[in-house]
*Asks:* 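The structure under discussion is supplied below as structure tokens; questions concerning it will follow.
One is the number of the first residue; the rest follow in order along the sequence.
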Amino acid sequence: MSRVLIVGAGLTGSICACLLRRELPNKVNIVVWDKSRGSGGRMSTSRSPNNPSCTVDLGAQYISATPYYARIHSSFYEELLAQDILKPLVAPVEDMMSKEEGIMNYVTPHGVSSIVKHYLKESAGAEVLYDRHVTHIHRKDAGWEVCHKGGASQQFDVVVLTMPVPQILQLQGDVGSLMGENQRKKLEAVSYSSRYALGLFYKADARIDVPWAAKYVSNNPCIRFIAIDDKKRNLASKDCGPSVVVHTSVPFGIKHLEEEKNVVQPIILGELEKVMPELPEPDSIKCQKWRYSQVTRSVADCPGQMTLLSQPLLVCGGDGFTHSNFDGCIESALKVFDVLKSSL
């Protein structure tokens, strides 16, 4: 039985783990490592420190399915809809631009991280470990020795890397020497946007009276998107206060990228007051820096995955090899799984 390590408990990594469990149940021992304290990656849902039932999506806000992807990924959408993990977005979103006709938008009643948690649950038996920041990967005998911060190295037969491309390039050990010059150039050409997100949590008696559930902001140098998150997800409850998420513009994110969050947060709150002067005082606030928010230039000419070594297998995937949305991650996971299936 092959021991497979998936680095990254985001959407691509969790779908890979699920596909391996479903399709090759007797061939693999699945291990998932993530450097964070929980799953989700950029599909991140945060809870209020004072009321765990008050949540906010700090990363992806809703899922948009074009007619093409709704058709070719129909099994994924049908599964999530059947289990009430996805529901149609019916709340009003101001100034949302539709790139093509027939797009369906979905929200996640239990937070966008519930999608990732579903696929990890479906990979039943997988060993999922957090606070595992991979630093070195060495080729050893017929497999891989993988090191993480603050812990002993472990041996694996196959390694799948699903973290952002710049983090793949930062890995020490044998990864760099295994890359061909052309592969390295393609990976180095990948680029991401950067932004900040604020989650504002409110007490149960707070009221936010606006006619929209979310809106895109075009006339502010800092703020690009605001959502009354519970309203967007049709979660309004008397027992739980509202929550608000604020996404900054990319230029603002890039300008302040290397600053500390406690310096940037007051600037965002000051701009938010200009946009929503009637907003009540929050009970608590979470500030998130997204250094790798969305892919602006993906890896050229290798849609879905890049195999760095076929024997023993070391393969890369994630939205850096497709595009930054739900369907891009599905597409990458399917391509990575094709490589795994032919190798195992």
*Asks:* Looking at Lys261, I'd like to know if its NZ atom is crowded, meaning that more than 12 non-hydrogen atoms belonging to other residues, nucleotides or ligands lie closer than 6.0 Å.
*Replies:*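 Yes, enclosed.
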*Asks:* Could you give the side-chain donor-acceptor pairs of residues 201-214 under 3.5 Å, partners two or more places apart or in another chain?
*Replies:*
| unit_1 | atom_1 | unit_2 | atom_2 | d |
| --- | --- | --- | --- | --- |
| Tyr202 | OH | Pro280 | O | 3.4 |
| Arg207 | NH1 | Ala204 | O | 3.4 |

*Asks:* If a pair satisfies salt bridge (charged side-chain N to carboxylate O under 4.0 Å, His left out) and one of its residues is in residues 274-289, list it, with sequence neighbours excluded.
*Replies:* Glu271-Lys274
*Asks:* Go through the structure and list residues passing ring-ring contact (aromatic ring centres under 6.0 Å, His included) with Trp33, not counting sequence neighbours.
*Replies:* His148, Phe156
*Asks:* Just jot down the ring-ring contact (aromatic ring centres under 6.0 Å, His included) partners of Tyr216, sequence neighbours excluded, or say none.
*Replies:* Phe225
*Asks:* For Arg291 and Glu258: C-alpha separation, side-chain torsions, deciding distance, then whether salt bridge (charged side-chain N to carboxylate O under 4.0 Å, His left out) applies.
*Replies:* CA-CA 9 Å; Arg291 183 176 293 274; Glu258 303 307 331; 2.9 Å; yes
*Asks:* Would you please name every residue forming a side-chain hydrogen bond (donor to acceptor under 3.5 Å, both in side chains) with Ser284, sequence neighbours left out?
*Replies:* none
*Asks:* Determine all donor-acceptor pairs shorter than 3.5 Å in which one atom belongs to a side chain in residues 333-344; sequence neighbours excluded.
*Replies:*
| unit_1 | atom_1 | unit_2 | atom_2 | d |
| --- | --- | --- | --- | --- |
| Ser342 | OG | Asp338 | O | 3.3 |
| Ser342 | OG | Val339 | O | 2.9 |

*Asks:* Not counting sequence neighbours, which residues clear ring-ring contact (aromatic ring centres under 6.0 Å, His included) with His133? List them please.
*Replies:*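 Not a single residue meets the ring-ring contact (aromatic ring centres under 6.0 Å, His included) criterion with His133.
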*Asks:* Output yes when a side-chain donor or acceptor of Trp144 lies under 3.5 Å from a complementary backbone atom of Gln154, and no otherwise.
*Replies:*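 Such a contact is absent between Trp144 side chain and Gln154 backbone.
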*Asks:* Tell me which pairs pass salt bridge (charged side-chain N to carboxylate O under 4.0 Å, His left out) where either residue lies in residues 15-26, with sequence neighbours left out.
*Replies:*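 Non-adjacent pairs meeting salt bridge (charged side-chain N to carboxylate O under 4.0 Å, His left out): Arg22-Glu79, Arg22-Glu122.
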*Asks:* Is there a side-chain contact between Leu80 and His118, using heavy atoms and a 4.5 Å cut-off?
*Replies:* yes
*Asks:* How far apart are the closest heavy atoms of Thr12 and Ser332, and which atoms are they?
*Replies:*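 Smallest heavy-atom distance, with atoms named: CG2-OG, 3.8 Å.
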*Asks:* Is there a donor-acceptor pair closer than 3.5 Å between any side-chain N or O of Ser243 and the backbone N or O of Thr55?
*Replies:* yes
*Asks:* With distance as the sole test, does Glu259 use its side chain to make a donor-acceptor pair with the main-chain N or O of His256 at under 3.5 Å?
*Replies:* no
*Asks:* Just by distance, do the side chain of Lys231 and the backbone of Pro242 share a donor-acceptor pair under 3.5 Å?
*Replies:* no
*Asks:* With Gln288, which residues qualify under side-chain hydrogen bond (donor to acceptor under 3.5 Å, both in side chains), at least two apart?
*Replies:*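 Partners of Gln288 under the side-chain hydrogen bond (donor to acceptor under 3.5 Å, both in side chains) test: none.
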*Asks:* In chain order, what residues pass the ring-ring contact (aromatic ring centres under 6.0 Å, His included) check against His136, with sequence neighbours excluded?
*Replies:*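 His138.
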*Asks:* Below 4.5 Å, heavy atoms only, C-beta onward: do Val107 and Leu86 meet side chain to side chain?
*Replies:* no
*Asks:* Compute the centroid of each ring, for Phe326 and then for Tyr106, and state whether the two points are separated by less than 6.0 Å.
*Replies:* no
*Asks:* Holding to side-chain hydrogen bond (donor to acceptor under 3.5 Å, both in side chains), I want the full list of residues that pass it with His323, two or more places apart in sequence or in another chain.
*Replies:* Tyr69, Asn325
*Asks:* Restricting to pairs with a member in residues 24-50, which pass salt bridge (charged side-chain N to carboxylate O under 4.0 Å, His left out), not counting sequence neighbours?
*Replies:* Arg42-Asp319
